[in-house]
Each structure stands twice: as C-alpha cells, then as structure tokens.
Amino acid sequence: MPLLLGAYFFLLLSLVSASLTTEYYKQLISQESAKALLYQLPKKNEEFRTGFESNAINDYGEYDVVIVGAGTAGCVLATRLSEIAKISILLIEAGGEENDFNQMTALWPYNQFSEFNWGYYTTPQKHSCLGMYNSQCIIVRGKVIGGGSSINGAMYVRGNCKDYDNWAALGNRGWSCKEVLPYFKKSENSQVEGDEGYHGIGGFWNIEHPQPLSALYEHFVNASLETNLNFVDYNGRTQIGVGKVQTDIRRGRRQSFGMAFLNNARKRSNLKVVTKALVTKITIDRRSKRATGVEFVTRSQKFRVRARKEVIVSAGAINTPQLLMLSGIGPRNHLIDMKIPLVVDLPVGKNLIEHPGVNLIVRSNYTAPNISMEESVEQYLNGFGPLTKGANAEGISFFHTRNNSTEGPAIQIVMTSPSNIDPVIFQRTQNYNNTIAELFSKQLQSQAVMAWYVLLLHEKSRGQIQLQSNSPIDFPNIDLNMLKEREDVDVLTEGMQYLLRLLQTEAFKKVNATMLDAPMCGNRGKNLKQYLECYIRNLGATGYHPCGTAAMGPDPRKFVVDDKLRVHGVGNLRVVDASVFPLGISGNTNAPTAMVAEKGADIIKSELK
Ligand SMILES: Cc1cc2nc3c(=O)[nH]c(=O)nc-3n(C[C@H](O)[C@H](O)[C@H](O)COP(=O)(O)OP(=O)(O)OC[C@H]3O[C@@H](n4cnc5c(N)ncnc54)[C@H](O)[C@@H]3O)c2cc1C
Ligand SMILES: *[C@@H]1O[C@H](CO)[C@@H](O)[C@H](O)[C@H]1NC(C)=O
Ligand SMILES: *[C@@H]1O[C@H](CO)[C@@H](O)[C@H](O)[C@H]1NC(C)=O
Ligand SMILES: *[C@@H]1O[C@H](CO)[C@@H](O)[C@H](O)[C@H]1NC(C)=O
Ligand SMILES: *[C@@H]1O[C@H](CO)[C@@H](O)[C@H](O)[C@H]1NC(C)=O
Ligand SMILES: *[C@@H]1O[C@H](CO)[C@@H](O)[C@H](O)[C@H]1NC(C)=O
Ligand SMILES: *[C@@H]1O[C@H](CO)[C@@H](O)[C@H](O)[C@H]1NC(C)=O
Ligand SMILES: *[C@@H]1O[C@H](CO)[C@@H](O)[C@H](O)[C@H]1NC(C)=O
C-alpha cells in the first residue's frame, strides 16, 4: 500500500511538473515573440560607451592565449586548446549567455530582434536590396555565447569538395578536400541516414534529421527527381542533388557551439570566459610587430590583458576586420583617413563574400495540421515537432545552372514546411519597405504558405567592410555590393527559372503549388527574365553567410592570413573564423567555420606543445 501510494504521488508530481514546464514554455514563447515585434535594434555599441570612455585601465593579468569572440569558431578553439591543461586561456565575448528561447530553432526569426543580434544593416545598396527601407539589407550577427550558431537556421551543410580544393589551389597547404574531411568528421556526432565513411560519430556536435516532415517534403523530392536531380546525402559522396535536411539539434534542441562544445570545457580551471565585454583593440608592440594582448571594456570599466603566446581573433566576418583595422592592421589609405596609426598594410575587409538569396513565398493547397501551442511545446519537450525544425527547413537541393567543372554547384534551394508566418516579423527580418510589406503581409498568415530560399552560391561580386570612425562604439560600414556583376544576376535568374520549372512538375501540380507574384515587377508571362531580375534586385536579401574579409593565402598584397592562419607581418596574432575563407562555400557556412577552427586548434596545439 505505501509503495503504491508513493508511486501514485510520484506520478502526480511528474504530471504537475510536466504541465508546469509546458506552461513555462508557452509563456516564454508568447513573451519573447511579443518582445521581438517591438524590439529596436541598437545603432551603435552604446552600452559600452561608459566603459570605453573611462580613464582608468585595470590590469586583467596574463594568459597564454586570449581569444576574441565566443562564436562558432571561438567555442571550438577554447574547448580544444583547453584540453592541454598547462595552457591558460581567456575567452572574451561581447554578448551574454543563451536562454531557453533560442534553443527552439524554429523560432530563429525572433532572436534577430533581441539583444542576441548586433543590429547591423548594409550601407544603402545600388544593385540589390532595392525593396528594403532605404535600400538597406539587414545583416544579422550573433552576439551571445555561440555567436551565429545560437541564432541561426541550424542547417548542417559542409559545401563541396571543390570549394576546399580551390582554397588549396590558391597556395594554402593542408586545406584540400581530402585534408579537411577529417576535421568535419571530428566535430560531428551524426544521427543521419548518410553515406558510409563521410560522417563522424562520437563528436561533440549532434546532427539529426528533424521530424516529422510535412507531406510536401515528398512532393519536393519527387519534383526534384523529375528535374533529373538524384536523391543524395548532400554531406556525403555527392553534394549535387536533392536531400533531406540535416540539422544541428540534439533531441530537438539547438546544438549551438556554446551547448555542444564550450559547456564541456567551461569547468576546466585553465579556461576563463568573460561575457558582456567588448574587445576594442589588439595591443601590438610596434618595434617587434608582435601582438601582446588586448584591451576590452565592460559597461563601466576598461581592462588590459596580456597574452604570453598569442591573440586569436574569432569575432566573425564583420567584427574581425573591424577589430583588426581599429588596431592598425588594414588598408593603408583607409587607416590614414580614419587617423589610425598603421601597423601593417593588408587588404582587411576587402573580399566580402555573401550568398545573395531570394526569399520567396510558395503556396499550395496542402495545409499544415493545426497544432495548438500546448501540443507543440509538449512535442518539443519530447524532441520532435514544429518547434524543433531549424528554419522550418525540410528539403535542400544543389545544382549547376551551367556546366562548370571548376566550381561547386551554383544554386542552393531550401524547401521549408508550411507554417503560419507572422507577417510583422517576416517584414522585419527582410527589412521590406511598406509597399512590399503590404503586398506580402496579407498572403502570409496561412497554414498553406511557405518561405523558400534560392541562394547564389558563388557570387562574382565582392563587397567590403570599412570603419565609420576610429571609435569601437561605432558600427562598421558594411557594403555587400551584391549583384554588381551581371553574371550574378544571370545565374540567380537561372536558379529562379529552375524553381518555376520545379513548381510545374507533376509532383507539384498535384498540390497546385504556385509562387507568389511581385506585381511591381510587371507581368511574369510577358518578359520572364526582366520580371525575375526585378524580383531578385528588389526582394533578394542575404543568405546570412558573410565571409572572406581576412582571407587566407600566401601573398600579403592579396590575403590577410597565411595557411597557418597567422596574420601576415604581425607575430603572435591569428584569425580563426569565417573571415579566413578565401573563396565562397557551396552551402551554409557554420560547419565550414567549425572545420576551420578544428584544424586551426590542431595547428596551434602542435606549436604550443
Ligand atoms: C540568422 C542566421 C542564420 C544562419 N543560418 C545558418 C544555417 O542554417 N546553417 C549554417 O551552416 N550557417 C548559418 N548561418 C551562418 C553561421 O551561423 C555563421 O557562418 C557562423 O556562426 C560564423 O561563425 P564565426 O565564428 O565566424 O562568427 P560568429 O559565430 O558570428 O562569432 C563571433 C563572436 O564574436 C563576438 N564578438 C564580435 N566582436 C567582438 C568584440 N569586439 N569583442 C568581443 N566579442 C566579439 C560575437 O558576439 C560573436 O559571439 C546563419 C547565420 C545567421 C546570422
Ligand atoms: C519600396 O520599394 C519598391 C521597389 O523598389 C518601390 O517601388 C517603392 O516605391 C518603395 N516604397 C517605399 C515606401 O519606399
Ligand atoms: C513520390 O514518388 C513515389 C515513387 O514514384 C510514389 O510512390 C509516391 O507516392 C510519390 N509521392 C507523392 C507525394 O507524390
Ligand atoms: C487552429 O486552432 C485554433 C485553436 O486551437 C483555432 O483558434 C484556429 O482558428 C485554428 N485555425 C485554423 C486555420 O483552423
Ligand atoms: C552540360 O553538358 C552536357 C554534356 O556535355 C550537355 O548535354 C548539357 O546540355 C550541358 N548543360 C548545360 C546547362 O550547359
Ligand atoms: C566556372 O567557374 C569559374 C571559376 O569561378 C569561372 O571563372 C567560370 O566563368 C565559370 N564558367 C561558367 C561557364 O560559368
Ligand atoms: C489540390 O489541387 C489539385 C490540382 O489543382 C486538385 O486536383 C486537388 O483536388 C486539390 N486538393 C485539395 C485538397 O484541395
Ligand atoms: C491554384 O492556386 C492558385 C493561386 O494560389 C489559385 O488561384 C487557383 O484557383 C488554384 N487552382 C486550383 C485548381 O485549386
């Protein structure tokens, strides 16, 4: 009897606590999404002004290695380097800790309007972003432990073998496809139905297929097969084809690099992590041209810390070039204009590469099941359901539009499941001006529409990052310069034409799939190419994949770091993040960044031993 009673109470307690948890998540979701609708992104790093302007500099002591930025790369580095107990490491991050909300990958748009995003926009653009307020696209950048990996779409994509062979062909020893594959596998704990020999098991980073997928996923695969693509593991033997999305989640929860990597290392006594601290300068001994440490500020105080062995900059493709330039490393004339004493003249901030992306609305007569919030949360807590789907993605395809044997695929398509898209948050994530927003918003609130992406993977145009002033309180100027080159518009147009063909397949005709039109671009039937070019230039935005701004290569006139990721001409200073990609990736950039950091950590460890 007492035993039974005990079991009864236990059951009752766990039922009560389960419903309390459900209630907590329901409230969290409604609170955070309501906040995001009103949140105003900052225009400067104002929160750090008092610290920056304070006169006293406090001594923060000395570490072997100081890492700037706890994003994707910084978390991998700190975790791997701290495996050597005798190396002391300081990891400095401008943002704060993650929370329960950002673990729900499907809610990623809301994180873009929170303190987890730096708040950048491009400079007004001439060739793209024309339907956005003031022709400015939003540039989302993670400002939180985990960086981009804590707020991104969680799609796990490695790119194409040719991407890395092309890095090696520039003179980067050790970076060919065959040589980097082990580093992709090293991070990974794969749960996917993948090709044998291509996936890692037992790594820190869990990769799974989200589930369940909508009925439209099968239509997408069948339609793609009709266009002669093969079904593939796009992270396996062959990338080109159509596949089921692989995402970085673990039992449905986001696997940011804070969760997957850094949490393993934070208890180690040789690693210290400082959050809510902005690094404002790398200190460099001007005679020996060696990095000696960094200066950083909190809300109210200023600090200096010394690095015995080296400083590693992992601040991401926008902030890394900003910090290098603030420290005197960059293009001579620009630094003279900014009144910053030159340390070395390097093409920092040039070669800004993006994936111009068109976010388009597809509608069909398939309607997603109407699941209550309560049920969604309960499913989430059990590791499945709509809240676990990164960016709602289900299917991905990669293909060439022209025969090109020297590059990876030209186009990536991401098929997402129907979901009730909040028109206000959608407008905010795209920065659509009112004319465009009005056009789309009426159509969005429906269980029948999907926001798909068409990405141009190898743009020929290049943008650049420059400083606005010599103050770290000011944001950098980000000029993406997308679609400047004619070829980029032509190839992206071919990608859009493919998509229209895809919607005309038997598989999609079965569900009457159509693309939402953009009436201000005229009549689609009359002059399709002109219509699509207008669509792309007005509604196209970014794929959230900036890279290349501190590119790796042997010649210091063209590149910023060498193939050991050391900054040309400055001792004890490395860059390890997406800035070092010399050429673009045939896919999303998170896994490639983790690979660079895994390999970078091995290079550094072999030198420190
Ligand atoms: C909205 C969005 C969606 C995306 N979707 C995907 C996806 O689905 N799949 C995918 O593979 N990739 C995706 N990406 C891209 C991917 O997340 C990034 O390429 C990757 O996170 C880059 O890693 P990183 O280490 O170079 O930089 P980050 O992860 O950006 O890390 C830089 C870190 O440095 C910190 N920092 C910067 N400056 C300073 C400073 N001065 N002082 C202190 N700290 C500083 C930042 O706060 C940040 O935490 C997405 C990105 C975004 C923003
Ligand atoms: C929005 O952008 C479109 C396309 O460029 C343009 O036609 C329209 O005038 C703009 N509307 C506003 C309010 O800026
Ligand atoms: C997809 O194709 C397969 C094989 O031809 C078929 O069995 C299946 O019913 C198709 N699915 C849909 C949703 O049309
Ligand atoms: C979905 O269900 C909710 C209640 O759970 C209801 O208010 C709403 O009208 C339903 N929506 C549709 C499209 O059926
Ligand atoms: C690519 O080459 C093949 C064979 O060489 C040819 O059949 C095909 O039409 C070409 N495709 C394109 C897009 O040029
Ligand atoms: C193929 O890619 C190379 C390398 O970027 C480029 O120079 C060339 O123009 C491309 N060829 C075609 C046919 O698109
Ligand atoms: C969806 O559209 C197709 C083709 O137009 C039609 O045959 C089918 O009956 C429709 N299905 C539903 C559920 O409306
Ligand atoms: C197909 O969809 C379009 C637009 O969404 C709609 O106008 C049309 O009536 C639909 N056709 C059928 C047969 O359902």
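This chain uses plain numbering: 1 for the first residue, then up along the sequence. Whatever order the structure lists ligands and atoms in, that order sets their numbers, starting from 1.
- Ring planes of F508 and F220: tilted class, angle from 30 to 60°.
- Of all heavy-atom pairs between L502 and T227, the closest is CD1-CG2, 3.8 Å.
- Proximity of a side-chain donor or acceptor of K389 to a complementary backbone N or O of S417 within less than 3.5 Å is not detected.
- Between H219 and ligand 3, a contact under 3.5 Å exists for no N or O pair.
- Heavy-atom contacts of T514 reach the following atoms of ligand 8: 4 (C), 5 (O) (cutoff under 4.0 Å).
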In a simple table, one pair per line, please give the protein and ligand 6 atom names for every N or O pair closer than 3.5 Å, along with the distance.
{"from": "ligand 6", "atom 1": "2 (O)", "to": "N404", "atom 2": "OD1", "distance (Å)": "3.2"}
{"from": "ligand 6", "atom 1": "2 (O)", "to": "N404", "atom 2": "ND2", "distance (Å)": "2.4"}
{"from": "ligand 6", "atom 1": "2 (O)", "to": "T406", "atom 2": "OG1", "distance (Å)": "3.2"}
{"from": "ligand 6", "atom 1": "2 (O)", "to": "E407", "atom 2": "OE1", "distance (Å)": "3.4"}
{"from": "ligand 6", "atom 1": "5 (O)", "to": "E407", "atom 2": "OE2", "distance (Å)": "2.6"}
{"from": "ligand 6", "atom 1": "11 (N)", "to": "N404", "atom 2": "ND2", "distance (Å)": "3.0"}
{"from": "ligand 6", "atom 1": "14 (O)", "to": "N404", "atom 2": "ND2", "distance (Å)": "3.4"}

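- In this structure, W108 and Y544 have perpendicular ring planes: the angle between them is above 60°, well past the 30° mark.
- Ring pair Y234/F398 is tilted by interplanar angle, where 30° to 60° counts as tilted.
- Taking the six-membered ring for Trp and thresholds of 30 and 60 degrees, W167 and F581 have ring planes inclined between 30 and 60 degrees apart.
- Where the criterion is an N or O separation shorter than 3.5 Å, residue side chain and backbone included, N365 fails it with respect to ligand 8.
- Heavy-atom neighbours of R462 CZ from other residues, nucleotides or ligands within 6.0 Å: above the threshold of 12.
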